[in-house]
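Each remark here refers to the structure printed beneath this line.
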There are 2 protein chains.
Amino acid sequence: MNKDCTVYKTADFIGKKWTIPLLLELYKGEDHSKRYSELKRDLPKITPKILSTRLKELVKEGMISKKVNSTTFPPRCDYSLTKSGKEFISVIQGMKTWSLKWKDPNKICKSTKCFECRL
Amino acid sequence: MNKDCTVYKTADFIGKKWTIPLLLELYKGEDHSKRYSELKRDLPKITPKILSTRLKELVKEGMISKKVNSTTFPPRCDYSLTKSGKEFISVIQGMKTWSLKWKDPNKICKSTKCFECRL
DNA sequence: CCGGATCCTCTGCGATACTG
DNA sequence: CAGTATCGCAGAGGATCCGG
């Protein structure tokens, strides 16, 4: 395993705590977009520090984009999945399929009306 | 995002550092199997502590199995992917496909003769 | 020798409080 | 509202040691 290996680099970055749940929450939002406070509300156990750290990382990685709307008051910050980010959701989808097959299945997630991960 | 959500739980576990590279190294081995010392050699930057911690976790999760061969000397410990573990490789495959499309591509990994991730 | 366990250090995460 | 600042602790890195 070389450190330049594509899989290795991606795993290292995706593997950080809260990255996948965060991408999934954005996916669930309207236009695959949510505000900072909505993310904090929907991921009740994430701390503001980690949330802002992960958001910056994801912007840098090109998976999400930040848009500040300062015409309103108070100003809104919208984070939305880029095309790259949206396509990554299919990887998470694969993870869910695997998980439902092999791990102790969560009935809510199995339902077609799953509001937890909505995949 | 509920803590019982299948995706959340899987992400939390898969996301731990070295889990994905470790699964991939086992996949690359003969019969999707490798010894402790081979893993340490092929993941030069992993520390023995983390390696043994991750191996225990993966056994507990049912993704790998441990087999001690004490008929030889010195005794060998072989770790191999279970059926569940092998099927998870397709998720990693999806990650690689995504990565090659969207991230700065690694020429070695793009090659069909990729010896880094061999997917 | 092989497969770890142990000790120590240091980065990263969690919790809470505070600010532009 | 959208973040920083500060502190404490758990997990990761690095080196060394140990039992079979």
Side-chain angles (χ1 to χ4, degrees), chain A residues 1-3 8-26 29-30 33-61 64-81, chain B residues 1-3 8-9 11-26 29-30 33-61 64-80:
Chain A
M1 177 72 63
N2 186 302
K3 67 174 175 48
Y8 180 86
K9 286 194 293 188
T10 305
D12 211 49
F13 149 63
I14 290 299
K16 291 193 171 176
K17 198 161 185 183
W18 291 108
T19 301
I20 287 180
L22 186 47
L23 289 170
L24 205 44
E25 282 305 322
L26 285 173
E30 200 175 340
S33 173
K34 277 190 182 180
R35 293 167 56 195
Y36 183 92
S37 55
E38 293 177 310
L39 291 167
K40 208 161 67 174
R41 178 198 62 201
D42 300 334
L43 298 167
K45 307 201 73 172
I46 200 173
T47 61
K49 186 175 77 173
I50 300 301
L51 179 52
S52 79
T53 305
R54 289 293 168 274
L55 287 169
K56 276 179 200 160
E57 288 169 1
L58 287 167
V59 168
K60 192 179 160 196
E61 294 287 336
I64 70 175
S65 62
K66 178 180 181 176
K67 203 175 83 181
V68 183
N69 186 346
S70 39
T71 62
T72 62
F73 189 83
R76 286 163 163 259
C77 291
D78 282 285
Y79 293 92
S80 36
L81 292 180
Chain B
M1 176 73 61
N2 186 303
K3 69 174 172 45
Y8 180 86
K9 285 194 292 189
D12 212 47
F13 149 64
I14 290 298
K16 290 192 171 178
K17 198 159 188 184
W18 292 108
T19 301
I20 288 180
L22 185 47
L23 288 170
L24 205 46
E25 282 306 322
L26 285 174
E30 201 176 339
S33 173
K34 277 191 182 180
R35 292 168 55 198
Y36 184 92
S37 55
E38 293 177 309
L39 291 167
K40 207 161 67 172
R41 178 199 61 202
D42 299 334
L43 298 167
K45 307 202 73 174
I46 201 173
T47 62
K49 186 175 76 175
I50 301 302
L51 178 53
S52 75
T53 305
R54 287 294 167 273
L55 286 170
K56 276 178 202 159
E57 287 169 1
L58 288 167
V59 169
K60 193 179 161 197
E61 295 286 336
I64 70 174
S65 62
K66 176 180 181 175
K67 203 175 83 182
V68 183
N69 187 347
S70 39
T71 62
T72 62
F73 188 84
R76 288 159 165 260
C77 291
D78 282 286
Y79 294 91
S80 36

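Proteins get letters first, then strands, A, B, ... in listed order; numbering begins at 1 in each. Since we're looking at a predicted model, the values are computed, not measured.
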Between [atom2] of [N] and [atom1] of [X], the distance in whole Å:
X	N	atom1	atom2	answer
Asn69(B)	dG20(D)	CG	P	19 Å
Glu57(B)	dA12(D)	CD	P	8 Å
Arg76(B)	dG4(C)	CZ	C1'	17 Å
Leu51(B)	dA12(D)	CG	P	13 Å
Lys34(B)	dC2(C)	NZ	C1'	17 Å
Leu55(B)	dA5(C)	CG	C1'	14 Å
Glu38(B)	dG3(C)	CD	P	8 Å
Lys16(A)	dG11(D)	NZ	C1'	15 Å

- Which comes earlier along DNA chain D counting from the 5' end, the contact point of Ile50(B) or that of Cys77(A), where each point is its nearest nucleotide?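 Per heavy-atom nearest nucleotide, the more 5' residue is Cys77(A).
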Less than 4.0 angstrom between a side-chain N/O of [X] and OP1 or OP2 of [N], yes or no?
X	N	value
Arg35(A)	dA2(D)	yes
Lys56(B)	dA5(C)	yes
Tyr79(B)	dG4(C)	yes
Ser52(B)	dG3(C)	no
Ser37(A)	dA2(D)	yes

- Item | Over all atoms of both residues, closest heavy-atom pair of Arg54(A) and Trp18(A) |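 The answer is CG-CB, 4.5 Å.
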- Can you name the closest pair of heavy atoms from Thr19(A) and Phe13(A) and give their distance?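 Closest approach of Thr19(A) to Phe13(A): OG1-O, 3.9 Å.
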Could you work out which one of [options] sits closest to the side chain of [X]?
X	options	value
Trp18(B)	dG14(C), dG13(D), dG4(C)	dG13(D)
Tyr36(A)	dT4(D), dG3(C), dA12(D)	dT4(D)
Lys17(B)	dG13(D), dG3(C), dG14(C)	dG13(D)

Can you check whether [X] reaches [Y] side chain to side chain, under 4.5 Å on heavy atoms?
X	Y	answer
Val68(B)	Arg76(B)	no
Leu39(B)	Leu26(B)	yes
Ile20(A)	Ile14(B)	no

- Is the backbone N or O of Lys49(A) less than 3.5 Å from a side-chain atom of Thr53(A), with the two atoms forming a donor-acceptor pair by type?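 Here the side-chain-to-backbone pair exists.
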- Has the side chain of Glu38(B) got a donor or acceptor atom that lies under 3.5 Å from a matching backbone atom of Arg35(B)?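 Here the side-chain-to-backbone pair exists.
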- Item | Strand-adjacent residues in residues 40-48 of chain B, judged by heavy atoms under 4.0 Å from DNA chain C |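 Going residue by residue through residues 40-48 of chain B, the ones with a heavy atom under 4.0 Å of DNA chain C turn out to be Pro48(B).
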- Message: Enumerate the salt bridge (charged side-chain N to carboxylate O under 4.0 Å, His left out) contacts for residues 14-24 of chain A, please, sequence neighbours excluded, ordered by first and then second residue.
- Response: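 Non-adjacent pairs meeting salt bridge (charged side-chain N to carboxylate O under 4.0 Å, His left out): Lys16(A)-Glu57(A).
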- Do Lys49(A) and dG14(C) have a side chain to base donor-acceptor pair shorter than 3.5 Å?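 Present.
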- Item | Five-pair end axes of the helix from dC1(C)-dG20(D) to dG20(C)-dC1(D), angle between them (10°) |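 Here the local axes at opposite ends form an angle of 30°.
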- Distance (rounded to the nearest 0.5 Å) between Ile64(B) CD1 and Ser80(B) OG: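 Ile64(B) CD1 to Ser80(B) OG: 8.0 Å, rounded to 0.5 Å.
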- Item | Under-4.0 Å salt bridge between Lys34(B) and Asp42(B) |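 Answer for the salt bridge query: yes.
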